[in-house]
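Everything on this sheet refers to the single structure shown next.
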Amino acid sequence: MTAQPRAASAPQTGARPISRYPVPALADLPDDIRQRMLEVQEKAGFVPNVFLTLAHRPDEFRAFFAYHDALMLKEGGLTKGEREMIVVATSGANQCLYCVVAHGAILRVYEKQPLLADQVAVNYRKADLSPRQRAMLDFAMKVCEASHQIDEDDFAALREHGFSDEDAWDIAAITAFFGLSNRMANTIGMRPNDEFFLIGRVPKAK
C-alpha cells in the first residue's frame, strides 16, 4: 500500500491553518497531483504546504509547478544555490514568510552555510556573498522593485561578472515568478511547515 502524505490529513502548522482557503484531501485530488505529493514526501520526509494549498485549484497547481520546474531545475549559468538566493532575497523584499522560510532552508542545504539564508533575507548587501552573487542580487532586486528602470547598464554590470544575457533572463524570470508566488502566499495566508525552520541550520555530524 502506498503511504499517504502526513501533512494532507492535518493541514495546519502549529495551531493555525496553513491557508485561509480549503485544503483538499488527498483522496479528492487528481492522480497526477497526488503522485507528485507522494514523490515529494518520499524525498523530503514531508509535504511542503505550498503543494497542499495550491492544490485547491488543480489547473493552476499544474501551471505553477511546470513553470517553477522550468526555472529552478534547468541547466544554465546559475547554480541551484544562486537561484535560491534570488528567491530568498526578493521574497524578503516582498515580506513573504513562506518563501523566505522554505527557500531559506533549501539555500542552506545547497550552500552548506547555516547563516547565509538569514543574511540574504534581511540584507543581502551585508551577506557573505561573492561580488558575482552580489551583482546578481542587485539585478534581481531591481527587477523586483523597479523593473521599469532596467536598462543596458544593468545588463552590462552582469556581464562584468561573467553572466550572459540568457542568465539575466533567468534572474528576471525567477524574480518575477516568485513575485507571483509571494503575493499569492501572502493573500491566502500560506504558512511554512515547521520542518523548514530547522533544516540546514546545524551541520550534520561527520
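Following chains of ILVMFWY side-chain contacts shorter than 4.5 Å, one can reach Phe197 starting from Val47, so the two form part of one hydrophobic cluster. One hydrophobic cluster holds both Leu129 and Leu107 under the rule that ILVMFWY side chains link at heavy-atom gaps under 4.5 Å. By the rule that hydrophobic residues join a cluster once side-chain heavy atoms approach within less than 4.5 Å of another member, Met85 and Phe196 end up as members of one cluster. Grouping the Ile, Leu, Val, Met, Phe, Trp and Tyr side chains by contacts below 4.5 angstrom, directly or via other members, places Tyr110 apart from Val40. Criterion: ILVMFWY side-chain heavy atoms under 4.5 Å apart, direct or through other members. Under it, Leu116 and Val100 are not part of a common hydrophobic cluster.
Other residues, nucleotides and ligands place more than 12 heavy atoms under 6.0 Å from the CD atom of Glu152. For Arg132, the CZ atom is densely surrounded, since the number of other residues' heavy atoms within 6.0 Å is greater than 12. Counting non-hydrogen atoms of neighbouring residues, nucleotides and ligands closer than 6.0 angstrom, the CD atom of Glu39 exceeds 12 such neighbours.
For Asp59, the side chain to side chain donor-acceptor pair (under 3.5 Å) partners are Arg62, not counting sequence neighbours. With sequence neighbours left out, the side chain to side chain donor-acceptor pair (under 3.5 Å) criterion links Thr187 to no other residue.
Side-chain contact check for Glu84 versus Glu111: every heavy-atom pair is 4.5 Å or farther apart. Residues Val120 and Leu137 have side chains in contact (heavy-atom distance under 4.5 Å, counting atoms from C-beta outward). Considering only heavy atoms from C-beta on, Met136 stays 4.5 Å or farther from His161 through its side chain.
Annotation for Asp154 and Asp151: closest pair OD2-N, 2.8 Å, computed over non-hydrogen atoms. Closest approach of Val88 to Gly104, counting heavy atoms only: CG2-N, 3.6 Å. Between Tyr98 and Val50, the shortest heavy-atom contact is OH-N, 3.2 Å. In terms of heavy atoms, Val143 sits closest to Ile150 at CG2-CD1, 4.0 Å. Closest heavy-atom contact between Ala93 and Met141: CB-CE, 3.4 Å. Of all the heavy atoms in Arg134 and Ala127, the pair that sits closest is NH2-O, 2.9 Å.
Not a single donor-acceptor pair under 3.5 Å links the side chain of Arg83 to the backbone N or O of Ile174. Put simply, the side chain of Asn182 never gets that close to the backbone of Cys96: no donor and acceptor are under 3.5 Å apart. With hydrogens and angles disregarded, a donor-acceptor distance shorter than 3.5 Å links the side chain of Asp167 to the backbone of Gly77.
Atom-to-atom distance recorded for Asp165:CG and Arg159:CZ is 4.0 Å, nearest 0.5 angstrom. Summarising the geometry, atom OG1 belonging to Thr90 is positioned 9.5 Å from atom NE2 belonging to His103; distances are rounded to the nearest 0.5 Å. Note that CG of Leu52 and CD1 of Ile33 are 11.0 Å apart. Values are rounded to the nearest 0.5 Å. Here CD1 of Ile199 is found 11.0 Å from CG of Asp194. Values are rounded to the nearest 0.5 Å. Interatomic distance, CG of Leu71 versus CD1 of Ile171, reported as 12.0 Å (0.5 Å rounding). Between the CZ atom in Phe139 and the CD1 atom in Ile86 there is a gap of 9.5 Å [rounded to 0.5 Å].
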Passes side-chain contact (heavy atoms from CB on, under 4.5 Å), Phe163 versus Phe155? Steps please. CA-CA 9 Å; Phe163 291 104; Phe155 284 83; over 6 Å; no
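A side-chain donor-acceptor contact under 3.5 Å links Asp128 and Gln119.
With respect to the salt-bridge test (charged N to carboxylate O, under 4.0 angstrom), the residues Arg36 and Asp69 qualify.
A ring pair (Phe, Tyr, Trp, His ring centres under 6.0 Å) with His56 is found for one member of Tyr21, Phe61, Phe51, Phe64 and no other, namely Tyr21.
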